Amino acid sequence: MRDALVPMLVGLAAAAAGLWAWRRFHYRSYWLLIGFPLMAITVRATWRTVALGCGLTKKRQRFWFTTVPRLIASTGIVKVRRRFQRVAVDTKPFMWLPRPTRHGWRVTVHTLEGQIPADFSQAAERLAHSWGVHAVRVSSPRPGRVILAATVRDPLVRLDHLPASGDLLSVHVGRLETGGLWSIDFRTVPHWINAGATQSGKSNLANALLVGLAPQPVALVGIDLKGGVEFTPYAPRLSALATTRAESVSLLDDLVALMVDRMGLCRAAGARNIWQLPPGVRPVPIVVLVDELAELYLMADKSEKDEIAHTSTALLRVAQLGRAFGIYLFCSGQRIGSDLGPGVTALRAQCSGRICHRVNDPETATMTLGDLDPAALVSARAIPAETPGVAIVASQDGQWYRARSFYVAEQAAEHAAHTWSHLTPDWADIVCPDRDGTALSDLLSA
């Protein structure tokens with residue numbers, strides 16, 4: 001017996017070591033073949049008790065066999081009898097079979113009467129702890145259906161290299177908590193606000209954006225209110241760079257005048273935007289990168305009031321009208337609050353893309369995310385300082401996600417700026433395009 005036990009223990013140890021190595025070095029196949037089936041069985045087997053503990057059940061009247069006391073025998077034993085009657089029972093929502101995803105699983109649940117997706121969203125943290133997963137996100141594709149998407153482990157702990165971006169004006173800058181790519185697509189969401197404290201990953205995100213846009217046929221314009229220390233190393237790929245508020249006023253005036261010129265071009269061609277123009281006539285799209293947005297609105301004395309008002313109005317006009325004419329904004333700042341004036345609030349209303357890294361004050365988080373979803377605001381305030389690059393993102397699908405940007409060193413961004421410097425359009429040619437009226441008419445008629 002003892003001789004047979006030793007080989008058995010050795011075999012079990014070898015099997016355990018093999019499973020550990022399999023999970024460690026090829027987690028995807030391990031998850032699909034071993035981890036997910038066990039998790040699916042656990043989820044289905046415990047759904048009734050989990051739903052009851054999370055407050056997702058409803059009392060319903062059901063016919064059921066019950067036991068009621070009848071008589072006491074001479075031996076002292078109570079005789080009972082079964083009765084078929086209506087009783088109130090806890091009914092759980094119907095759950096379909098879970099389906100595996102790259103970093104977890106997802107399952108569709110039918111809501112009970114009186115339930116809404118918010119009921120499941122409020123119970124998401126309790127669901128995650130009940131099943132022992134990293135997080136559970138709730139979405140609703142249609143009335144009466146709720147999708148629970150569980151993430152077994154945090155996909156934002158370790159990120160791979162920055163992938164190449166394919167489509168024009170679209171850049172893969174990181175990964176979402178679902179495991180999918182985090183993309184900034186200016187064609188879909190034209191204007192963005194990027195808020196974050198020092199060392200929160202805000203500048204790293206700008207580096208990733210520049211690396212992705214540098215190989216594309218677009219013009220990059222910088223407004224760096226730190227005196228140019230952030231964007232000057234990338235000057236070879238920038239068509240224009242403003243480092244003071246006075247220079248910013250001149251640059252924004254050029255952009256407003258450029259919008260007026262492109263309006264006339266689209267009107268002459270009968271187009272609603274520049275993307276409906278023929279390729280030979282279509283002007284180059286422009287991405288404006290703004291760093292330290294609050295510096296455009298801060299007033300040291302009353303002598304700066306007119307300059308600030310001019311800057312605020314010009315930037316707001318670009319945000320309101322720029323999308324149709326190929327001008328897009330990416331505004332970053334450590335402090336974005338309503339106390340900076342009504343211009344910031346009006347600008348925020350025009351920026352549907354929102355990114356909130358770790359911030360030092362609740363006002364900035366509220367200004368960035370407060371009008372979207374209270375849960376997003378809570379998640380933004382919970383970002384720890386030891387996770388730079390993690391942010392709450394309002395994506396183009398109308399939902400918010402926890403995401404993390406790929407690490408892009410400043411040297412990599414400088415290298416990209418020098419490598420693709422030959423694609424930098426001259427700012428004078430952009431602002432004052434030299435068009436031949438006859439050639440323009442021929443292209444438009446074609």
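Positions are given from 1 along the sequence. This one's a predicted model, so the numbers in the text were calculated from it and none came from an experiment.
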Is a side-chain donor or acceptor of [X] paired with a backbone partner of [Y] at a separation under 3.5 angstrom?
X      : Y      : answer
Asn194 : Cys331 : no
Thr111 : Ile116 : no
Ser200 : His357 : no
Thr313 : His310 : no
Asn204 : Phe406 : yes
Gln115 : Leu112 : yes
Arg358 : Thr198 : yes
Arg237 : Ala214 : yes
Thr387 : Val390 : no

Please report, to 0.1 Å, the donor-acceptor pairs under 3.5 Å made by any side chain of residues 123-132, with sequence neighbours excluded.
| from | atom 1 | to | atom 2 | distance (Å) |
| --- | --- | --- | --- | --- |
| Ser130 | OG | Arg126 | O | 2.7 |
| Trp131 | NE1 | Thr46 | OG1 | 3.2 |

Over all atoms of both residues, closest heavy-atom pair of [X] and [Y]:
X      : Y      : value
Gly212 : Pro215 : O-CD, 3.4 Å
Ile336 : Ala195 : CD1-CB, 4.0 Å
Cys356 : Ala380 : SG-CB, 4.0 Å
Leu156 : Leu176 : CD2-O, 3.6 Å
Val284 : Pro217 : CG2-O, 3.7 Å
Thr243 : Gly228 : CG2-CA, 3.5 Å

Would a 4.5 Å heavy-atom cut-off, applied to side chains only, mark [X] and [Y] as touching?
X      : Y      : value
Leu315 : Leu255 : no
His172 : Ile184 : no
Ser248 : Leu296 : yes
Arg99  : Trp105 : no
Ile223 : Leu289 : no
Phe186 : Leu209 : yes
Val109 : Trp47  : yes
Leu298 : Glu295 : yes

Could you give the distance from [atom1] ([X]) to [atom2] ([Y]), rounded to the nearest 0.5 Å?
X      : Y      : atom1 : atom2 : result
Thr368 : Arg354 : OG1   : CZ    : 7.5 Å
Arg317 : Leu252 : CZ    : CG    : 11.5 Å
Thr108 : Phe94  : OG1   : CZ    : 10.0 Å
Arg137 : Glu177 : CZ    : CD    : 4.5 Å
Asn207 : Glu414 : CG    : CD    : 9.0 Å
Arg323 : Leu329 : CZ    : CG    : 13.0 Å

>> side-chain contact (heavy atoms from CB on, under 4.5 Å), that's the test. Do Leu238 and Phe231 meet it? Break it down for me.
In response: CA-CA 9 Å; Leu238 299 178; Phe231 290 161; 4.0 Å; yes
> Taking the inter-plane angle between the rings of Tyr328 and His191 on a 0 to 90° scale, is it parallel (under 30°), tilted (30 to 60°) or perpendicular (over 60°)?
Replying inline: tilted
> What orientation do Trp96 and His110 show, parallel under 30°, tilted 30 to 60°, or perpendicular over 60°?
Replying inline: tilted
>> Within the supplied structure, the quantity of interest is the number of heavy atoms (other residues, nucleotides, ligands) at a distance under 6.0 Å from His134 NE2; does it exceed 12?
In response: yes
>> Counting only heavy atoms from other residues, nucleotides and ligands, does the tally under 6.0 Å from CD of Gln199 exceed 12?
In response: no
>> Going by the rule salt bridge (Lys or Arg N to Asp or Glu O under 4.0 Å), which residues pair with Lys226 if we only count those two or more places apart in sequence or in a different chain?
In response: Glu230, Glu292
>> Walk me through whether Asn273 and Cys266 qualify under side-chain contact (heavy atoms from CB on, under 4.5 Å).
In response: CA-CA 6 Å; Asn273 53 65; Cys266 292; 5.5 Å; no
Using only heavy-atom distances, determine whether the side chains of [X] and [Y] contain a donor-acceptor pair under 3.5 Å.
X      : Y      : value
Asp253 : Ser250 : no
His103 : Thr151 : no
Asp167 : Ser170 : no

> Do Asp154 and Arg404 pass the salt bridge (charged side-chain N to carboxylate O under 4.0 Å, His left out) test, and can you show the C-alpha distance, the side-chain angles, and the key distance before you say yes or no?
Replying inline: CA-CA 11 Å; Asp154 191 358; Arg404 191 172 191 176; over 6 Å; no
>> One thing to verify: whether Lys59 and Asp90 come together as a salt bridge, which I'm taking to mean a side-chain N less than 4.0 angstrom from a carboxylate O.
In response: yes
> Can you check side-chain contact (heavy atoms from CB on, under 4.5 Å) on Trp427 and Leu251, steps first, answer last?
Replying inline: CA-CA 10 Å; Trp427 186 242; Leu251 180 57; 3.5 Å; yes
>> Checking Ile193 against Ile355 for the side-chain contact (heavy atoms from CB on, under 4.5 Å) test, could you report, in this order, the C-alpha distance in whole Å, the side-chain angles of both residues, the deciding distance, and whether it holds?
In response: CA-CA 6 Å; Ile193 286 182; Ile355 303 169; over 6 Å; no
> What pairs with Ile308 under side-chain contact (heavy atoms from CB on, under 4.5 Å), at least two apart in sequence or on another chain?
Replying inline: Arg245, Met299, Glu304
